[in-house]
Peer 1: 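Here's a structure for you.
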Amino acid sequence: MTSAEIRKKFLEFFASKGHTIVPSSSLLPDDPSVLFTTAGMQQFKKYYTGEADPMKDFHSLNTVSIQKSIRTSDIDEVGDDTHDTFFEMLGNFSFGGYWKEEAIRYAHEFITKEMGLSLSYVTVFEGSAAVPKDEESKKIWQLLGVQDIREEGMKDVFWGPTGNSGPCGPTTEIYLKNKKGQDVEVWNVVFNEFFCDGSREQLLAGEAKLIPLAKKGIDTGMGLERLAMASQNTENIFATDLFAPLMRPLPETLDMGTRRIIADHLRASTFLLAEGVIPSNKEQGYVLRRLLRRVLTTEHRLHFSPQILEDVILSVIQEYGRDYPELVEKKNDIINQYFGESGKFKNTLGKGLKELERLTAIDAGEAFKIYASYGLPYEVVKDVAGEKATGFTRADFDAKFKEHQEKSRAGAEKKFGGHGLLLDTGELKAANEEELKKVTRLHTATHILQAALRNVLGLDVKQMGSDITTERLRFDFTFPRKMTPEEIKQTEKIINAAVSRAFPVSFREMPYEEAMKLGVLAFFKEKYPALVKVYTIGEEGKEAFSRELCGGPHVRNTSEVGEIKIAKEEAVGAGVRRIRAVVK
Ligand code: SER
């Protein structure tokens with residue numbers, strides 16, 4: 001079966017069982033505590049916890065989707081037969097609609113009848129101190145005639161939560177064989193029966209509590225690439241129709257692992273670029289930079305024409321464009337950003353490679369220095385330096401990176417006159433009372449601006465960055481095109497109306513989850529603590545003009561901000577605009 005046929009079959013099968021088809025959400029989730037969408041269930045978290053009503057939004061308790069996902073945790077495995085960073089996840093979900101019996105029967109029917117494949121084996125939860133063994137699933141599988149049922153523990157067959165907290169529960173997994181006869185985990189069927197009040201790491205360390213959910217839910221996820229591998233009877237995911245066309249432009253002389261890495265990394269990068277991510281040293285941009293630079297290093301070392309990698313990107317757009325039209329819409333931006341990053345990197349890449357050659361042994365400190373001076377990321381140092389760079393792990397490298405960030409923050413403080421800073425939140429800094437007053441006014445102006453932009457340009461406007469000096473505010477946000485002069489004028493009108501209406505500005509501290517329930521705007525790149533401050537601009541008892549998660553500080557009344565003027569509106573990358581504004 002072709003991958004297009006599989007996608008269609010999956011959606012139709014679950015639609016015929018009363019599931020509403022829901023489109024994939026963005027790769028950049030609303031949940032600020034995670035960088036990427038890693039699973040289909042993420043966009044449905046609030047239906048499991050009862051914060052949102054599936055009947056109202058989907059006219060059904062059950063949904064089905066094909067979700068774009070990225071898992072960077074697998075990056076070191078890419079090159080083998082079954083791992084990738086970007087992948088499509090086929091999933092069916094239920095929010096209090098059905099439970100284990102139906103979930104397992106649907107999965108079994110889909111694999112054996114619809115796909116005509118046979119199961120290799122399944123796993124069920126063996127039980128832990130807090131959660132009993134899953135006897136029920138075992139019985140259901142036995143009744144279906146499955147013989148090989150293996151029991152496993154928390155690490156493998158207990159899913160979630162994603163982010164700082166969320167739904168989670170024991171799972172049952174389905175393994176299929178590929179052409180080599182390897183058993184490959186293809187489908188994970190999760191029984192969401194708990195809310196975990198901490199992260200997965202905390203849960204595994206025994207530092208988080210499991211609270212039974214009022215309504216039990218089903219969350220399943222099946223990797224399209226792996227299912228296609230079983231269905232198309234190939235030896236690995238790269239030989240399926242999802243990857244073969246992307247591998248085609250690559251020289252046959254390259255070793256197989258390298259070709260796989262290039263195809264995988266450029267596919268993930270193309271999807272990230274289409275979402276407006278820009279290569280940088282932070283968060284999502286840093287992941288994108290690493291993916292691209294690893295591939296660009298291979299191009300440079302093996303002297304192949306730049307056309308080859310461009311052809312891979314064009315194949316991604318061509319192959320995936322029908323299901324993901326954003327790739328076609330953003331084609332020019334994708335190519336421009338790609339060559340932009342390529343140009344930047346090539347200025348220093350050659351020198352960085354020489355430095356790697358010169359060194360006889362490379363530890364984490366050296367590796368980080370090479371990144372800081374020449375832009376060669378961890379993966380490149382490992383790939384290129386081979387034996388010389390075996391003495392450190394990714395965690396060692398990341399620790400050096402963090403150390404460096406802390407030092408440069410301390411450096412920024414020193415620059416402000418040796419007396420230390422009165423204020424340094426990263427977003428705004430002030431050395432004395434006068435500066436503090438100015439940046440505080442500009443900070444409130446930033447919140448007013450964001451609310452006004454969402455009013456004029458629509459609710460897709462999301463904060464991508466903010467930087468405030470005593471001179472001006474700078475605000476980056478998602479928006480696909482240049483603002484028209486009318487839109488700028490309209491935005492200024494709303495901003496200054498908010499100033500002249502002298503709205504009070506207040507804040508309240510509350511648990512993060514509660515703030516999310518209020519629909520507060522959060523800056524997705526930030527990691528928030530459990531207790532957050534919510535700043536509200538607006539009259540008491542009326543609908544708020546603006547409400548954002550924020551550490552402050554802010555003025556107490558918008559009249560203190562003074563007249564705001566938009567000085568400049570420009571692009572900073574695909575799908576991201578930047579406004580500079582000043583206050584009088
Ligand atoms: N959330 C589970 C997973 O990602 C099932 O969808 O594996």
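Just so you know, ligand 1 is whichever comes first in the structure, and atom 1 is the first atom listed for that ligand. Scope of the values below: all heavy atoms of this structure, side chains included, with no hydrogens, waters or symmetry mates.
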Peer 1: Would you call D84-R71 a salt bridge at under 4.0 Å N-O?
Peer 2: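 No, D84 and R71 are not salt-bridged.
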Peer 1: Regarding K8 and E12, does a basic nitrogen lie under 4.0 Å from an acidic carboxylate oxygen?
Peer 2: yes
Peer 1: Is there a side chain to side chain donor-acceptor pair (under 3.5 Å) between T171 and N188? Walk through the geometry before answering.
Peer 2: CA-CA 7 Å; T171 83; N188 192 16; 3.1 Å; yes
Peer 1: So, E109 and R105, do they make that salt bridge, N to O below 4.0 Å?
Peer 2: no
Peer 1: Do Y98 and H19 have ring centres separated by under 6.0 Å?
Peer 2: yes
Peer 1: Identify, chain by chain and in numerical order, each protein residue with a heavy atom under 4.0 Å from an atom of ligand 1.
Peer 2: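 Ligand 1 pocket, heavy atoms under 4.0 Å: A39, M41, R71, M89, W159, N188, V190, D219, T220, G221.
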Peer 1: Per the side chain to side chain contact (heavy atoms under 4.5 Å, CB included) rule, which among M154, E151, E152, K133 passes with F125?
Peer 2: M154
